[in-house]
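A quick write-up on the structure given underneath.
Just so we're clear, the structure is a prediction, and the values are computed from it rather than from any experiment. The basis for the numbers below is simple: all heavy atoms, side chains too, and nothing from hydrogens, waters or symmetry mates.
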Amino acid sequence: MVQGTSAMDRPIEKSGRFSRRQKLWMLVAAAALVAGALLYPSARRWASSEISIDVARIRLATVERGDLVRDVAVQGNIVAAFRPTLIAPARGIVRLTAKPGQVVATGDPLATVESPEVESRLEQERSTLRSLESELERQRILAKQAEIQARQDLGLLGLELEAAKRAMDRAERTRAEGILNDVEYERAQDDLEMAQLKLDLARESGELEKETLEFEISESRSRLERQRLVTADVERQVDELTIRSPVNGLVSRVMVNDRDSVTLGQPLLMVVDLSEFEIEVMIPESYSDEITPGTEAVITYDGSEYPGTVRSVSPEVEGSRVRGVVVFAGDAPEGLKQNQRVPTRLVIETRPDVLKVARGPFLESGGGRIVYRVEDGVAVRSPFEAGALSVSEIEVVSGLDLGDQIIVSDITRFDDAERVLLRD
């Protein structure tokens with residue numbers, strides 16, 4: 001017989017309002033609420049974003065205020081300012097004495113052209129010169145002989161005149177005495193006049209002959225001087241058959257082989273002057289109107305920048321580009337080599353105190369009108385207007401404010417999404 005359950009019962013103490021299990025569930029719920037509160041912004045950004053991208057795959061830049069240097073980057077080639085090409089002075093056989101890369105000084109022989117034609121012509125001209133020299137000497141001797149003959153003739157005629165005068169004196173005395181008749185007297189007068197006439201004519205003839213001989217001597221002297229010039233010119237041509245370096249530098253190119261047959265004017269060698277360099281640049285046609293002689297330039301060589309100046313700009317367009325020449329504003333750096341490439345920036349203008357941001361592929365991919373501005377971990381598609389462009393920076397005209405952060409990487413991957421989540 002069961003007497004009761006009192007023997008099985010035991011007293012327990014009464015706990016608080018909530019049990020342990022209830023407290024545990026309450027703690028879990030509180031943690032869930034806190035986590036939800038913390039994750040809500042991210043979840044909202046996730047929900048409102050159309051696509052997402054890892055932030056490590058993009059490049060960001062911040063809008064700043066400062067001076068913007070508007071410039072254009074071009075590729076430059078180092079060339080010697082003076083690089084003459086030496087040509088063959090005549091037809092013949094060339095003998096080379098210099099090799100490419102050889103350092104030469106002014107006046108050093110580089111090649112010789114063997115030209116029998118020019119050398120033969122020199123001998124002919126020298127022979128003609130000697131003949132004209134002999135001709136001039138012969139004219140001088142003839143002039144002296146003619147002068148002596150003229151003096152002799154004048155002396156004889158003078159004596160005849162004196163004799164005629166004495167005869168006339170005798171005739172006058174004998175006539176006065178009544179011994180000489182009129183016929184003899186008149187004959188004496190005629191002889192005197194004839195002697196005087198012969199002497200006068202001889203003097204005039206002597207002067208004329210003297211002028212004639214002087215003219216012939218002068219003409220012979222002129223022919224001789226002309227021949228001397230011709231001979232000197234041919235001697236110069238023969239001397240030029242030995243081709244010499246016009247500058248201190250080095251032989252950069254040799255266009256012929258030793259013992260080749262060459263023609264007049266054929267290029268043989270190129271020598272470069274290493275004392276002065278310039279830079280040839282190809283300027284995009286769109287900038288050619290803004291870049292003029294005197295435009296500032298910045299030349300980058302071996303990690304350092306050197307100031308320069310645009311010296312000339314070609315008026316001709318070659319393949320949508322214009323050729324220009326840049327020179328160093330100061331001393332050129334050491335170690336420059338012919339045809340060495342150096343990056344160069346041409347400074348068009350400087351805009352002071354403007355909003356600017358780093359240049360990147362977003363400018364081309366967005367057409368210069370679209371930008372993605374970063375707001376709380378989300379890149380928001382926004383309108384944008386760019387102004388002046390430089391090699392590394394862009395002027396902000398509208399759409400962005402100071403301190404805004406934007407994506408400067410290529411934005412075509414976003415497919416024109418309005419919002420892009422940036423994942424850490």
Task: Minimum heavy-atom distance V256-P267, with the two atoms named - done: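 Heavy atoms of V256 and P267 come nearest at CG1-O, 3.9 Å.
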
- [ ] Provide the closest heavy-atom pair for I394 versus A386 in the form atom of the first, atom of the second, distance.
- [x]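 Scanning both residues completely, I find the closest heavy atoms to be CG2-CB, 3.7 Å.
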
Pairs flagged by ring-ring contact (aromatic ring centres under 6.0 Å, His included) wherever [range] is involved - sequence neighbours left out:
range	result
residues 206-255	none
residues 388-424	Y372-F414
residues 229-257	none

Task: Candidates K356, R65, R351 - the one meeting salt bridge (charged side-chain N to carboxylate O under 4.0 Å, His left out) with E395 - done: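 Going through the options one by one, the only one that passes is R351.
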
State plainly whether the residues [X] and [Y] are in salt-bridge range, i.e. N to O under 4.0 Å.
X	Y	value
E280	R321	no
R311	E278	yes
K210	E147	no
R70	E349	yes
E364	R359	yes
D54	R423	no

Task: Under 3.5 Å: donor-acceptor pair, side chain of S131, backbone of S127 - done: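 Side chain of S131 to backbone of S127: no pair is present.
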
Task: Any pair counted as salt bridge (Lys or Arg N to Asp or Glu O under 4.0 Å), so long as it reaches residues 221-237, sequence neighbours left out - done: R126-E235, E133-R228, E219-R223, E225-R228, D233-R236, R236-E240

- [ ] Determine which pairs satisfy salt bridge (Lys or Arg N to Asp or Glu O under 4.0 Å) with at least one residue from residues 101-110, sequence neighbours left out, and list them in order.
- [x]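 Of all non-adjacent pairs touching residues 101-110, none passes salt bridge (Lys or Arg N to Asp or Glu O under 4.0 Å).
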
- [ ] Under the side-chain hydrogen bond (donor to acceptor under 3.5 Å, both in side chains) rule, collect the residues that match up with E160, sequence neighbours excluded.
- [x]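 Applying side-chain hydrogen bond (donor to acceptor under 3.5 Å, both in side chains) to E160 gives none.
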
Open item on the list: Nearest 0.5 angstrom please: L229 CG to E125 CD, how far?
Closed with: 11.5 Å

